[in-house]
Amino acid sequence: MLDFIKDNRKPVITLGLVTVIAYVFYFLDEIKTTSVLVFGWGYAVPLVLAAMVGIIGERTGVVNIGIEGQMLMSAFASFFGSVITGNIYIGMLIGIAAGLIMGGFLAVAAVKWEMDQIIAGVVINIVAAGLTSFFYAPGKTLPQLVPVVSIPILSDIPLIGPVFFRNGIFALATLFIVLAVNFAIFKTRWGLRSRSVGEYPSAADAAGINVTRVRMMNVTLAGALAGCAGAFLALEAAGTFARGLTAGRGFLALAIMIFGAWNPLGALAAALFFGISTAIASQLQADEVINIPQQFVNLLPFVMTLIVLSVAVGRVRPPAAAGQPYTKEG
Amino acid sequence: MTLTETKMDNKIGFFVRNQSIVVPIAAIFVAFVLGGILIFLQGVNPLVAYRAIFSEAWFDSDGLLRTFQKTTPLVLAGLAVTVGLRVGLFNIGAQGQLISAALASALAGIYITNLPPILHVIVALFCGVIVGALWAGIAGVLKAYRGVHEVISTIMLNSIAIGILDYLVSNPFQEPDQSLQRTKKIAETAVLPNIGVIPFGFILAIIICLLVSWMLNKTTAGFRFNTVGKNKFAATYAGINMKLMVVTGMLLSGGLAGLGGAIETLGITYRFEPAFNAGLGFDGITIALLARANPLATIPAAILVGTLRAGGASLQFETGIEPEIVDVLLAITLLLVSAPILAKYLFKGKAQKSANVTSGWGN
Amino acid sequence: SSGSSDTAADTAAALDDSNCAAAESFCVGLVTDIGKVDDKSFNQSAHEGAMAAAAEVGGFYKYIETTDTKDYAANMGQFTDKSYDVIVTVGFLMAEATVTAAKANPNTKFIGVDQFQAEEVANLTGLIFPEDQAGYGAGYLAGLMTKTNKIGSVLGLEIAPVQLFAKGFEAGAKAANPKVAVTTVYHPPADNGFGDPVWGAAEAKKQLAQGADIIFGAGGGTGNGALAEIAKAEGAGTAVFCIGVDTDQWFTVPEAQPCLITSAVKGLTEGTTGLVKKAFDGSIAGGNFVGSAGISDYHDFASVVPMDVQDKVAGVVAGLKDGSIKTGVTL
Amino acid sequence: MTDYLIEAKNLSKKFPGVLANDNVSLTLEKGEILALLGENGAGKSTLVKMIYGLYGSDGGELFIKGQKVEFHSPAEAIAKGIGMVHQHFQLVPVMTVAENIVLGAEKTKGIKFDLVAAEKEVTELSIKYGLEVDAKARIEDLPVGMQQRVEILKMLYRKADILIMDEPTAVLTPQETDELLKVMQGFAEKGVGVIFITHKLREVLAIADRVVVLRNGKVVGTTRPKDTDQEGLATMMVGRSVVLDVKKDLANPKNNVLQVKNLNVRDDRRLPAVKDLTLEVRAGEIVGIAGVEGNGQRELVQAITGLRKIDSGTVVINNEDVTKLSPHKIHELGVAHVPEDREKDGLVAAYSIADNSVLNRFDEKEFSKAGVRQIGAIRALATKLVEKFDVRTPSIDTSAGSLSGGNKQKLVIARELIWGPKLLIAAQPTRGVDVGSIEFIHNQIVAARDAGSAVLLVSAELDEVLGLADRVAVMYAGRIVAILNQKDAERNKVGRLMAGGDVN
Ligand SMILES: Nc1ncnc2c1ncn2[C@@H]1O[C@H](COP(=O)(O)OP(=O)(O)OP(=O)(O)O)[C@@H](O)[C@H]1O
Ligand SMILES: Nc1ncnc2c1ncn2[C@@H]1O[C@H](COP(=O)(O)OP(=O)(O)OP(=O)(O)O)[C@@H](O)[C@H]1O
Ligand SMILES: [Mg+2]
Ligand SMILES: [Mg+2]
């Protein structure tokens, strides 16, 4: 535990601070605070999941700007998968499978073909927007609702319980996914190898690690998380599919990833920060406590992010080989 | 080897040497074939569909004008992204810069009233360029002096621009007695004319494109940009001021996007309305990548996108195929231009490896 | 959906609009606002109305979905080039382009849905609706039904028709129940302001948690997201309710049925059908045509909404229609 | 034949425009140290990279321990017991020593990577072989000598019995080199076969059992140290005799060109690196800085050339205070700089040789008129550089990145020397350069001095400093601990000073 805190000082301090502030508000107004945080976390969930996709990719040296498209395809697949099979659980699996396929596409294009990684991602985004729009069929509804699950004991903690531990499947899983990704990247053999591939692929190669295979595998598997994010959006958050459902969240997730310094817990903190400031903006609009046009109130999350980044965090260093195809001569 | 064989070889050699031209053309061709299959699956003859697009976009005078009109801001947005890429900056914010500039030039076109025609146009264009440049400049300064990554800052600045403009056109600058969020029309003196089917803005865009290309390839300033983009350590060693380059790179990039927005306002829409410029900045990314960050190549890339978009409506009218098919065509083209598969298939061992266009997250 | 294959003008028929100019053929074209004919909202309603009218009178129907606001004129041009008899343009964003096209094509009848005509053009009819009245009626119902005295609205972008609905809703609720508190939240300015069900759902959830028991979802996909979220909430249909917008969303957003007591509707479909038919028999006149606005059927909630409430609301809606009640809403 | 650890038969390797290896055959026995010699670009690195599975071959056969192999990746070579130390260290800078050593052969505890065990094992291993390192230190915080140890430990950890070392001594101090040579001999005694690439003939004669010489991708001869000497080896490599000692006249120093006073500078980790340093260099003299790498030389050079912020103190060049000036302004005052890391700082790999030859002079009048680049003048300069400094390249349009290491260095030296700078600052000017080129570069530096340039030479190569410098400044822990005239600077004394010892 102590080690954990030491390893992750910045995110832990940030999250701790947020928690303390949240509880202060909680004692002032229980209902408002809880509901604002529920909104904030709900908003953060797809951003966190998508940021994990970005982090896994970049930690392995592959920039994934196609998260937006990967999520959109998965959202589409999970929704229509549910509709067609009549079962949301099968739909979820179809969504995750779609994510895997999209991840696999990026892997083949960016790793195997050594294509410019940004271009490969942009292609995914355009294709996804085009296809999901082209094949969209209106008037369909989900066969059933995603059940809300309460985790015993944890869900009874005031404030934190209802916010984090009383949720749909994907929202619930997200916290654990973040912890798992964090553990995997920094504590496992897979993580060590992946990071070496993302930092200095030729060193990894010289140490006998198959750079191409590690990259292919990670980028593909990360696609599954994009699948979870897409399925969350369609099945849990919106309960439907709409054209352009992801609405730029894939790009926002990249910002979150950088904000969080390519660190899963950092991304969690950044996404919560962003989600909660979005929620606060909507609450300020609803309460009309301050008399400024809603357009300005709603700038809060964006302006805050810029301020925090320029005042506090400063320069962060991406994984050294992110964006560079690994070419073996000869 | 016989004489004819040598001749054959020379002919093939011509194609091998000009791969950078052959591959995109082949890519477009293959994309249209694949797209044709999709169209065929919808029960429509692909040839009819493509004829609908091109007869509208190229062989109809109104359509041709619209093709040029659509191409114009795309050239400039593509250039904006290209210039960024050359300095190692990934400007996702061309959209925000373009729309801020569109409003700025509209305001200049409306509220400056005592200028003669040509001067008024110049001033209004200039206002757009300045505002676009400054909006991007914020990201440049944040990056140079506070280390804020331009990908984050430009994404945030896009949203901030949308919010501020929304407020401005629903309040202080809204057209009186109008429930639409939009400004008044610009004065006649600020209008950029069309010359036959060619908008004056298009000519301007082409000139700027040539200038930027010349600047990047032939001038010392361009050498500075390229060096920073290719190796920032060597650039520092070579005495190039990195901070200054980051800021000027963003200013130039934003100024180009801004010019796109200004031309759009003064030459096509004549006023500012938030929905007018939707997606142009993001198309700019596609175009810059399609052109492989080569300024001159943004012209054909933008013409391709402009043509498909101009012909899209006619496609639906004639065949019932949804206009989104156009994006699928573009995506396939981009994929084939950038992935080595096509070149490998065409040229086997002689395929040239094209260098990366982007440097990941810049540097 | 793909193209118009699920409409009256399916592909086979679409190949044959070559003789629209002929007197015996009646061709109807529709151009959407930036958006699609399956948007579960005003484009879809107008589309269905025009299609129904064309089918009824044996006419021919086709549509174009606009993808760039700068293409309105060109898209209308596709129809005028083929001498279509009637062109329906949807959405107040198209107002100006429609006026221009109408003036340039005096022999074609134009119907501008949601387009107020300040000056009369003989061959252009604006189909307009008093949205504030529809909102007022819905708000009146909400004011009477709320137990918590807290109601809310989850809205799309802050533009004129949405503001009219929202302000009407608030005015109606306050008129019915002075103690009621109304929360009004617009989507932040963004390209997807009318297509963000995720945000809509999150906002609805938040308002519910803060005690609102009736929520008005008005803003395309964004509002629909709110409706769907409320339908999932605890007590949906018994303690908490939702109200739809534009059309009777009982049909267009079936996932909202568990909570949807009514929708604040404007008669888009009937209005469009009626005007197209008038254009067919030649009785259409220029200027503005005020369509109906009110609230839709209660459907399954007819038994949940008390009879006296139903009566009071019906009275208010009638009063609005005959002008004896004013909403007092201005923009 | 089964006795050979490695037997290569007629290996060939083509690169666009270059036949890097042309039917190269070679053998390595158990316990043998085989030195590979050759000019820059002769194909040494290419050959060993093929053996290590980094490159595929375009012809020929390779047998490892009698078995025919065809490697597609280093992993396969590693499995056969081959280990390689690359000249460009293949270490992940942000990871620790232990992590780097076990990378690719990690032990796990449950699903966790067992870092504690790795650290313990690495510490034990390093003690056992007398190559002490801090297992927990991050690579980027270590001096190059230490990084080299990590590379060797990496191979030991994998129990390699064939070691390939590509210019391992290029970045080492004399002491470190001697240690390494001892370690290599120790390996050989245990039956390990070693392929050793170096440009330093002294090292070859000291430990090699056999020497294979490559030229233009072909084996041009095999010999044994006892049958030859430095001259003989040099002649075999270059095809002519090479003068190994620097010939120069006495210096004739004139006015002060560089004056550094009480300089304080910090390193990348914000720790003091240069402390209260004072130094002068006059026109017409070469001042050499001797010192173990990592004692502040790099920061000193960067501070003088404007690349690093100065905490306090002043730098004056030609009577102008340049303490706060930009690298550009300082260059304009007539300062040439051969940077230590040519790949990172000195060249743009993607640029052509022509563009690289004006990398820091692109805006001079000659190469830029009214902001427009003068391509003709630039190409003329590049052609001159390539010819005069014998840069081996197909053309001046070739990208600098595809030059061999030594040729990259020659290009940078050429660029910095050609314009007659008032002050030349040369950091590690001959690192990785073959003997023939070293001779040439040394002569050029002396010629620059004689033409009136002030020269500040920083080199980890003590012989180079002693041979070239008119005055030797010994740097230790960020300070100049002694300044000696060439005649007083004897090897042992300087060595002691470099290690922080006393003059006496
Ligand atoms: N990946 C490559 N692509 C193109 N050419 C290459 C490549 N690698 C090496 N070469 C060329 O092959 C030749 C041999 O290079 P190599 O690196 O083997 O030389 P070397 O003997 O190691 O030289 P040095 O002493 O400078 O290290 C050179 O002409 C070099 O430019
Ligand atoms: N992308 C590339 N394209 C062409 N040639 C390259 C490329 N990368 C490296 N080379 C060349 O490959 C050869 C081997 O590269 P490496 O980095 O191992 O150098 P080296 O020869 O071992 O070290 P040094 O050159 O310093 O002695 C060099 O000649 C280098 O210039
Ligand atoms: Mg070499
Ligand atoms: Mg070398």
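- For B:Leu142, the part lying near chain A is the side chain, with the backbone staying farther off; criterion is any non-hydrogen pair under 4.5 Å.
- Remark: the backbone N or O of A:Val63 is paired with a side-chain donor or acceptor of A:Gln117 at under 3.5 angstrom.
- A donor-acceptor contact under 3.5 angstrom links the side chains of A:Asn218 and A:Ser194, judged on distance only.
- Counting heavy-atom pairs closer than 4.5 Å to chain A, the top residue among B:Ile332, B:Leu330, B:Val326, B:Ile325 is B:Ile325.
- If you tally non-hydrogen atom pairs under 4.5 Å between each of B:Val328, B:Ile160, B:Ile155 and chain A, the highest count goes to B:Ile160.
- Neither side chain, B:Thr154 nor B:Gln95, offers a donor N or O lying under 3.5 Å from an acceptor on the other.
- In this structure, a donor-acceptor pair under 3.5 Å is present between the side chains of B:Asn91 and B:Gln97.
- For B:Thr333, no part lies near chain A; criterion is any non-hydrogen pair under 4.5 Å.
- A cation-pi geometry, defined here as NZ or CZ lying under 6.0 Å from the six-membered ring centre and within 45° of its normal, does not hold between A:Arg243 and A:Phe76.
- For the set A:Val122, A:Leu252, A:Val62, the entry with the most heavy-atom pairs within less than 4.5 Å of chain B is A:Val122.
- For a residue to count as touching a neighbouring chain, one of its non-hydrogen atoms must lie under 4.5 Å from one of that chain's; by this rule B:Ile164 touches chain A with backbone and side chain alike.
- Between the side chains of B:Asp166 and A:Gln295, at least one donor N or O sits under 3.5 Å from an acceptor N or O.
- The parts of A:Phe251 that come within reach of chain B are both its backbone and its side chain, each placing non-hydrogen atoms under 4.5 angstrom from that chain.
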